[in-house]
Amino acid sequence: MTSAVYMVLATGMFFFQDTYFSVGGMELSLKNPCALAILFLALLNFIATVRLDRLTLLTRYTVVQALPCLVPLAFSALVWVIARAESAAVLNGVSMIAPQLLSVLVAAATLYLFGGRGLWYCLGAMCAANFLSVLAVIYAGGLAGFLQEFYTLLVTFTRETGPLMVQLESHDLTFAFGPFLLYLLLHWKESPRPGLWLVLIVFFSLVGLKRIAFPALALGFLAAYLLQKLPEKAARQTALCAAIAMMAGSFLYIAGIRYGLFEFLETQLGLDTKGRALLFANVAPYYEISFTYMGRGTGFERMVEWFSGAVQAEPLRTQTQIHNDFLRMYLNIGFIGYWVWLWSWLPARLGYWFRQGGKDAGCLFLGVCVYCFVLYATDNTIYYPYTMIACAIVPMACRFDAQAKTALERRCAQWSGEEVEGAGGERLNLGR
């Protein structure tokens, strides 16, 4: 019964991405009531079952995965207080961070309900939602039209996209399949019916084809796969070095954009930057590469039409996006906030997953981060709720059931004052 209710709610959550309703003049997505209903379902299940093993582990997991969402909220709050921001600006920023936190909670709720199997329930709901979208498009345009446009989309590699394919171009759902595919490839033998899942993931990824997802997936998988071949200590050290390199690379990328990188690529090398040179030129007056730059608060990008440079009186969700999440984060939370956010996103969580889940979880998490790094540098995925759910649930699901059992045993040992074996094999007396 629980699984059936969850599948209905989760499928609805993934299906109603672009369906909105208005409450008190505020536009809300229909996916949010579905997500809240999943949390309520998990709460009811907790009251009925009280699975302390899962709860003990998920409490920590949730905090760790939510950390990169809480850091921008804290720094933005400081900016809003100092600037005496109007309530509309604050509400706009909070409304961007709240879905991120909700996504992490949905991932945790799914794992509480089903344990490690929750990953496959979540993926199944995503596939079901995509399938319903495909059926709706086929019903509207006919099977022959759908197949013709799908074929054209593949052979032209998205250069030609018909009206039916445009309806299925849900970037968030497409990118969300990436972390699941990484998990499947890295844990092929432990996965149930891996061949079937692979076919489904590949098909629905191609239906909403995004070219940048291919190099992102390839680099993420390669990083995780090669890291798994190393001894655990070497893997952890190498992963940390990779994290530091990504942190430095993202900042140098922002600095390069500020000082004319894309103008150089377009004017001197003749590369087509797809309008990014003009877009980044319009962003430049609003930030500086300086230790004293404090940022403008989360959601500021909704105040400017970046292709024209026109400033809006009220934040608009439909504004042209910056197409660079690193630049967007720096613009919003400033120099210090950006580096703290990078630390919370990469080294802090990477070290945790190596300590908590061992080499498997650490390597998988790095693969997900490399995948996201490519997307953040080129697109607007950091606030995509479905991608956020996938990035949260995939590392949490790695060896989840075994980790939950161990966590409960340790907690029981602490409560009873028994000796337990420490990480280095020593005997620890946890009694008073």
Side-chain angles (χ1 to χ4, degrees), residues 1-21 23 28-59 61-62 65-66 98-136 139 170 172-174 176-177 179-180 183-184 190-194 196-197 200-201 203-204 384-398 400-401 403-405 408:
M1 180 63 179
T2 300
S3 58
V5 174
Y6 173 86
M7 289 300 295
V8 170
L9 293 174
T11 301
M13 178 183 66
F14 290 122
F15 182 75
F16 293 119
Q17 178 183 26
D18 297 318
T19 305
Y20 293 89
F21 64 98
V23 175
L28 300 173
S29 172
L30 194 58
K31 66 177 179 289
N32 292 325
C34 296
L36 292 173
I38 290 175
L39 300 188
F40 184 67
L41 178 65
L43 176 62
L44 292 179
N45 190 270
F46 168 73
I47 294 173
T49 62
V50 192
R51 295 186 175 97
L52 290 179
D53 53 346
R54 297 178 184 177
L55 181 65
T56 300
L57 194 61
L58 286 171
T59 300
Y61 278 12
T62 303
Q65 292 298 74
Q100 287 186 305
L101 296 173
L102 182 58
S103 296
V104 175
L105 291 174
V106 167
T110 301
L111 292 178
Y112 180 83
L113 288 169
F114 308 110
R117 295 179 296 118
L119 180 143
W120 306 110
Y121 279 98
C122 183
L123 178 57
M126 282 178 54
C127 293
N130 271 262
F131 181 67
L132 290 177
S133 299
V134 170
L135 286 182
Y139 178 79
S170 175
D172 192 359
L173 273 176
T174 300
F177 281 110
F180 287 106
Y183 183 96
L184 182 66
E190 298 89 352
S191 301
R193 298 182 179 86
L196 175 61
W197 286 119
L200 291 174
I201 291 174
F203 172 71
F204 290 120
Y384 283 173
Y386 302 149
T387 304
M388 187 76 181
I389 289 174
C391 291
I393 198 171
V394 163
M396 289 198 294
C398 187
F400 177 79
D401 295 322
Q403 293 289 340
K405 181 180 179 181
L408 181 60

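Note that the numbering runs from 1 along the sequence shown for the chain.
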Exercise for the section: Using the side chain to side chain contact (heavy atoms under 4.5 Å, CB included) rule, pick out the option among Ser133, Cys34, Cys122 that qualifies with Phe14. Expected result: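 Among Ser133, Cys34, Cys122, the one meeting side chain to side chain contact (heavy atoms under 4.5 Å, CB included) with Phe14 is Cys122.
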Practice task
Go through Trp120 and Ser191 one step at a time and tell me if the side chain to side chain contact (heavy atoms under 4.5 Å, CB included) criterion holds.
Solution key: CA-CA 9 Å; Trp120 306 110; Ser191 301; 3.5 Å; yes
To the nearest 0.5 Å, tell me how far [X] [atom1] sits from [Y] [atom2].
{"X": "Cys398", "Y": "Met396", "atom1": "SG", "atom2": "CE", "answer": "12.0 Å"}
{"X": "Leu9", "Y": "Leu41", "atom1": "CG", "atom2": "CG", "answer": "6.5 Å"}
{"X": "Leu44", "Y": "Leu39", "atom1": "CG", "atom2": "CG", "answer": "11.0 Å"}
{"X": "Thr2", "Y": "Phe114", "atom1": "OG1", "atom2": "CZ", "answer": "6.5 Å"}
{"X": "Met388", "Y": "Leu102", "atom1": "CE", "atom2": "CG", "answer": "10.5 Å"}
{"X": "Leu55", "Y": "Leu111", "atom1": "CG", "atom2": "CG", "answer": "12.5 Å"}

Problem - 4.5 Å side-chain heavy-atom contact, Leu30 and Phe15 - result: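 Of all side-chain heavy-atom pairs linking Phe15 with Leu30, none is under 4.5 Å.
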Exercise for the section: Check whether any side-chain heavy atom of Ser103 sits under 4.5 Å from a side-chain heavy atom of Tyr384, and report yes or no. Expected result: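 Contact flag for Ser103/Tyr384 side chains = no.
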Distance-only, no hydrogens or angles: does the [X] side chain make a donor-acceptor pair with backbone N or O of [Y] under 3.5 Å?
{"X": "Asp172", "Y": "Tyr386", "answer": "yes"}
{"X": "Tyr112", "Y": "Leu43", "answer": "no"}
{"X": "Asn45", "Y": "Leu113", "answer": "no"}

Quick one: closest heavy-atom pair of [X] and [Y], and the distance?
{"X": "Lys31", "Y": "Pro385", "answer": "CE-CG, 3.4 Å"}
{"X": "Ala125", "Y": "Met7", "answer": "N-CE, 3.5 Å"}
{"X": "Ala35", "Y": "Met13", "answer": "CB-SD, 3.7 Å"}
{"X": "Ala66", "Y": "Val104", "answer": "N-CG1, 4.2 Å"}
{"X": "Leu119", "Y": "Phe180", "answer": "O-CE2, 3.6 Å"}
{"X": "Met126", "Y": "Ala176", "answer": "CE-CB, 3.6 Å"}

Practice task
Decide side chain to side chain contact (heavy atoms under 4.5 Å, CB included) for Ile201 and Leu123; before the verdict, give the C-alpha distance in whole Å, the side-chain angles of both, and the deciding distance to 0.1 Å.
Solution key: CA-CA 9 Å; Ile201 291 174; Leu123 178 57; 3.9 Å; yes
Practice task
Quick one: do Phe177 and Leu200 satisfy side chain to side chain contact (heavy atoms under 4.5 Å, CB included)? Show the steps, please.
Solution key: CA-CA 10 Å; Phe177 281 110; Leu200 291 174; over 6 Å; no
Practice task
Kindly check if the number of other-residue, nucleotide or ligand heavy atoms within 6.0 Å of CZ (Phe203) is above 12?
Solution key: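 Atom CZ in Phe203 is packed in, count exceeds 12.
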Practice task
Could you check whether the rings of Tyr121 and Tyr6 sit parallel, tilted or perpendicular, using 30° and 60° as the cut-offs?
Solution key: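 Because their plane-to-plane angle is over 60°, the rings of Tyr121 and Tyr6 count as perpendicular.
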